[in-house]
Structures are given as structure tokens and as C-alpha cells.
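Notes follow the structure.
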Amino acid sequence: MLKFRITLLLSVFALYSHSQTCPILPTPAVYQTTNGQFVSSGNLLIDPSNLTPNLVDAFKSYALWSKGIEVSPFVQNPMVQFKKLTNVKQDSYSINIAERITISYSSEASCFYAWVSLLQLSSQQEGQLSFPKCFVKDYPKFQWRGLHLDVSRHFFTVAEVKRFIDLMAYYKFNTLHWHLTDDQGWRIEIKKYPLLTEVGAWRDSTVENHYSTLPRTYNKTRYGGFYTQEEIKEVVAYAGARFIEVVPEIEMPGHARAALAAYPQFSCSGQAQGVEGLWGIFDDIFCAKEESILFLQDVLKEVLPLFASAYVHVGGDEAPKTRWESCPKCQAVMRANGLHDEHELQSYFIGRMDAFLTQNGKKLIGWDEILEGGLSPNATVMSWRGYEGGKAAAAQGHYVVMCPGSHCYFDHYQGRGAEEPLAIGGFTSLEKVLSFNPIPPDMSTAEAAYVLGAQGNLWTEYIPDMAQLEYMAYPRAIALSTALWSETPTSYENFLSVLTNYHFSFLETQKVNFSKSCLKPNLQTSRSENGGIVIQKTAAKGIIAYPEIIAQIKTAKRKTKTVLIKVDQGPNLPTKEMNIIAHKALGAKIKFSTKPSPKYDNGDLTIVDGQLAARPWKGNEWLGFDSDSVSFDIEFDKPIKVKELRIHTLHDPNSWIWAAQTYNISFAKTGVGNGIADGYSTVETIVIENIKDKTKTIHVVLYGVGRIPSGNPGAGNVPWLFIDEIEVR
Ligand code: ACM
Ligand code: ZN
């Protein structure tokens, strides 16, 4: 009887507060449905009385672009009415869909967000437009919800940038960080310095393949482009109409080779060099002399009036101090201003820009290197090398935008398959992006108040065109916007279900070249109970399936062999091939004395899973250590015969990763083997042969290069040490 009553109660409740799947992304705070649909067979008629004419225009064009819906004003008997609210949470809105649609909003932006949500709720069948009867209440969690777009490494036309903005608006982003200048191209017209675009916007060659692939080859086609000031204004207005603020970035003092190709007098050496065609970090940066500072302030003078944003980004990242150290003019500036080192000189340089921008009513934002040598009084910090810079800035009472490489770099790989298009490296899955929280767990509430929000960064070295840009940005951008907008975290399963059921079709209609890597099955390698490994296939989460065992591979008893495994990934996806080296330590226990960095800790099995990591490296196939030596034991269940050991490490100086240089390996019987990695510093595999040992434990210590030698990217820092398979034969 009791059971019956509860059932009855539940079904009555269900009638009034149906909690059906909400199709809106980012997920709104409240979504409740009642039964039925609101249906319209013609245009969507709105009452414009409480809307500005600009908003009405934006509604019309955006509805047409996103859903092909025609909107007409109609005061007498409208389908949609608007109500302005006061004294409510910033940018909050609600939508009530019953016999009529009522949108209540607090700000013009929130009215637009409501409109976007309404469009996401709409569906069209046989000429009829319908909306589920429901109630939505919503507001953003963070106020900076951005995407960054690098147009220097590859150029995107005004039309392409507008399309990028239209897509951003559909997911309630409100900030476009436009990276307009870098070593490989200057992209904004500056009338006082015409050579910036006449010379600086064009390069004679572009490196092909991954820049760490040697020998390098170049595409010799002249490449470039730039935006006139009129075009910049057009983009800013277009974004503004969609409630997106465009923040320009004029990089300084580093990443300046395109500008210096045009005006070499503003470098330290004064020597003419071309616009760079290789990716990376370059020693020639703006000289810190007064003339260079005034030149850049002149540039900013023309940039500021083009943008409506409060913020102006001045870069500040990856500026080698090599030239400054030996430049008499830079050294004189240091003496005159009582500066102790070149970091303080950079701080002085940024401080001059801060003062200039503040005087002109703007706010400076820069990459987290602007903390080095002292943070300028009004600066906001964009934290990219992890959360640390952001934490330090917040502790000093400065505003912060988070974009740690671990979660926010959309130039990283998103799928594990070899068929993924070439990317810079790293692995940032859709699931990881969704799990992102701009507030790290060890931040106090007071400090967290300084975190404005976050953004996804699209560096375009390996993104040559719009199709590839869309592939790298979508669907990860939707996961990011959900992480930044939605107060209550959404589970990955729910997110994926809404994404695939409602948003993939939208993206397809818009002909967006989005990635479907999140649908590929997961291939998981784990230790087998009686030695060796087992490879299992699980369908993508939310697409639900039980794990299927693909292969079980035993540890080699005597001879090492390679096993080829073919995995069916499903319809329209390529068959995946895996080569597994069945060696004697396959699936062996690993005991670390040095812990891998959490950034590149893919589990200890990574180094005994029989799989060699591909190159260019991806984040998920290695164990990365941020220490100069690494020590661990390989343990077997019982003593085994060992003849040969092969240790694979990675050498990629451009990424600050240096192969192990020396080693110290001890076996039970043969004793200690010391050695220098053959070919010093460039050989990635250490091979130790002629061992005759029966051992239960192999103790391995690998030593890195210490500090990165001068003349290399990141010189003076402790490099990363990356290890992959340890083959025991
Ligand atoms: C950066 O990725 N160099 C900010
Ligand atoms: Zn100088």
C-alpha cells in the first residue's frame, strides 16, 4: 500500500515538474518542463517594446543564421514578450514557455543569452516551429568566458573570424582574445608605421610538419595577410552585437620578429632579419630602450580607439633575455632605473605600458611571465603555465584569467588515435575540459574572488585553415563554456548525451568541421592477473557499452616479439592498429622514488605497456618528470634472466624536453652499470647489452642535462625528462 502511494505521488509530481533532458548548453541553472509544446507555424512574432532596436536586429539576424528562423516584430499579439528586471543577479534571465513565451532579463547581454537558449530549445518539423513548455532560470558563473585566436601563425579572414564569433555566441562566450601579432606575422594596420603590415604581415616560407621533426623542410609560398583598421572596427562591432568583447593582443617585448623585420631599429642589434617561418621562441625581441617603448606606445595609440574592450593584452610571455644581457642600451636603462636584473627590466617595460594604458582609460592584461621581476600595479594576469601565476597574482590582489595548458590549450590533441591531425603536442580530452575549474582547490575564497574566469587558447602553428580551427575548437569549446557558465557541474555522461543528441546536428547544419574523437572507443591497457597486459575496449562514455577484451598479451618468456592488434572503432572510423612489444617487463610492477609530474602522469603502466610513443609526442603516451633525475625500480614476481635493457626517452628541446644524459642501473648479479647515453644528448634510447643476470629487481636512475644549455629554448631552466617504454629482453 505504501509502495503504491509513493508511486502515485511520484507520477503526479512528474506531471508538473517533468525533468526531461535539457537541450541547452551550457547547462542552465534551472530547467523544468511541463507537458506539451508551444507551436508556431509561421514567423516567430516578438514584442519589441522592451528591447532596443539593436537587440531586435541582433535577434533577427542571429535566429536566421543559427536556426533559419524568421523573426518579425508584432505588438498586438506577440508569441514572445520581454520583461526587464532590476535587482537581480548580473546577466541572469529566465524563460517561461506556456501559452506564450516570456523572457525576463537583467541586462542586454542576458536578454541575448535568453534568446540563444530559446533558439537552442527550438525544433522544426514540417514547417512548424516548436518549443517544449518549460521554465528556464539561468546566469553565468564566471564573467570572463573566452576563446583566444592566434591569427599570426595562420591568418583568418574577416568572414572567418565572424563565423568564429557566431559560433562562440551560440555557446554564450563573451570574450574573444585576438592575438594579432607574433614572430610569424603582424596583422593589424598601423598608419604611422606602414611597414608593420607592408613587410611584417608577410613571410617567405613556412615550416612543414612538426617543427621538432628533423631535417626541417619549408613551404616556400609567400604567406600572410592583415586587417585594415576599418576591418578591425567591423569585427569589433559584429562581435559587440553578439555581446562578445574583443580584447586585442599586441605582443611585447618577445614574439616580436615580424615587427622587427619591418623596423629593426627597435631591436637590440638593429640587424635586419626576415619575418620568421619557423615556430618557437626567438632571441631577438624589442630592445628596452626609450625609442622602442615610445614606438609601442604609438602603436597602442592607434589600437585603442578601434576596440571597445576595457582590456588590452600586451603579451609578456616567452621573452628570452639573451639580447638584453649584452645590449648597452638595455643595460643603461637598468642602471638609470636601479633595476637589478633583466626580469626587473621586463617588469619596468610592462610597467611603462601599464601606466600608458591606465592614462588612456584601459586596463593591462598579460601572460603570467609579467609577474617576474614584479607585477605592475594595475595588471591583470593570464595564467597559462599552470595555475601558479594566477594564484600568485590573486594573492597580491590582482585580477586573473585562468588558461592553464592542462585544460585550456585547444591546440593539444583531443583523441588518442594516430589518425588525429598533426597538433603541437599535449593531450586535452573533451572530458578533461569539462572537468576544468578555474579556481584551484588550494585557493582561498578571498583569492578566488579575483579569478574573472577563463578561456580556451587556439594557437595556430598547426591550424592552417578554418576547417582545422573548427576541428580543434569544437566540441571542446562547448565543454569549456559549460565549465565556465554552469554553477552546478554537469557529469560527462550527461554532457556527452546532450552534445551528441542536440548539438552535433546543429554543428552539422552549420557545416562546422567539428571533431568526433570523443565518440571513439577508449582502449585501456591494464595489468593482467598472471603477468603481461590486457587491452580492453570501452565505448565512449554516455554512449554506454560494456568493456570488451581485445587482446591479452603475455610477458615474453625467452624471446621478445611484436604483436599486431587491429581494433574496430565503429562505423565511419578507421581500424586502429596497435603494435605491442611483448618483452620480459611487459606489465611489470614499477616503484617510483621520483614521482612523475601530475601534468604528465599517465600511470606507471605507460612505461611497460609494450607500446612505443609516437612522435611528435602527445601528452598521453609518456611519463614526464620535472626533476633532473628520475629513480625507479622494475620489479618481477620471481627472478628472471635479463640480457638487454632499452630505455626510451624523449628529446625535444623546443618543448624544453631533454633526453636522459647519463644513467646508473643496477642488477642483482652483474652489479651496477654506469654509463653515458651514447651520442650525448640527442639519442633517445639507452641500450645496455651483454647483461647476464638473473634478477628480481632492476634499479634505474636516469640523469637529465641539469639546466637547459644556452642557445636553446628555455635556457637556464631545468628541462623536462620524459620516459616511455622500458624494454627488458
Ligand atoms: C603562451 O602559450 N606562450 C602564452
Ligand atoms: Zn637592448
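For ligands, and for the atoms within them, numbers begin at 1 and follow the listed sequence.
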Inset, instruction - Run through ligand 1 for me and note each protein residue having a heavy atom under 4.0 Å from it, chain first, then residue number. - result: D317, E318, W367, W384, Y409, W459
Legend entry - Pair S267-D284, side-chain donor/acceptor within less than 3.5 Å: no
Legend entry - Residue and atom names of protein N/O/S atoms that fall under 2.8 Å from the Zn ion (ligand 2): C268 SG, C287 SG, C327 SG, C330 SG
Inset, instruction - Flag the pair C518 / R476 as yes when at least one side-chain heavy-atom distance between them is below 4.5 Å, and no otherwise. - result: no
Inset, instruction - Go through the side-chain N and O atoms of E369 and W384 and say whether any donor and acceptor fall under 3.5 Å apart. - result: yes
Legend entry - Side-chain donor-acceptor pair present, Q184, W279, cut-off under 3.5 Å: no
Inset, instruction - Could you check if a side-chain atom of Y387 sits within less than 4.5 angstrom of a side-chain atom of H407, using non-hydrogen atoms only? - result: yes
Inset, instruction - Indicate whether the side chain of Q396 and that of Y450 have a donor and an acceptor atom separated by less than 3.5 Å. - result: no
Inset, instruction - Would you mind telling me which of H313, R153, E249 makes a side-chain hydrogen bond (donor to acceptor under 3.5 Å, both in side chains) with H179? - result: E249
Legend entry - Short side-chain donor-acceptor distance under 3.5 Å, Y238 and D166: yes
Legend entry - Polar side chain donor-acceptor pair, D354 to S376, under 3.5 angstrom: yes
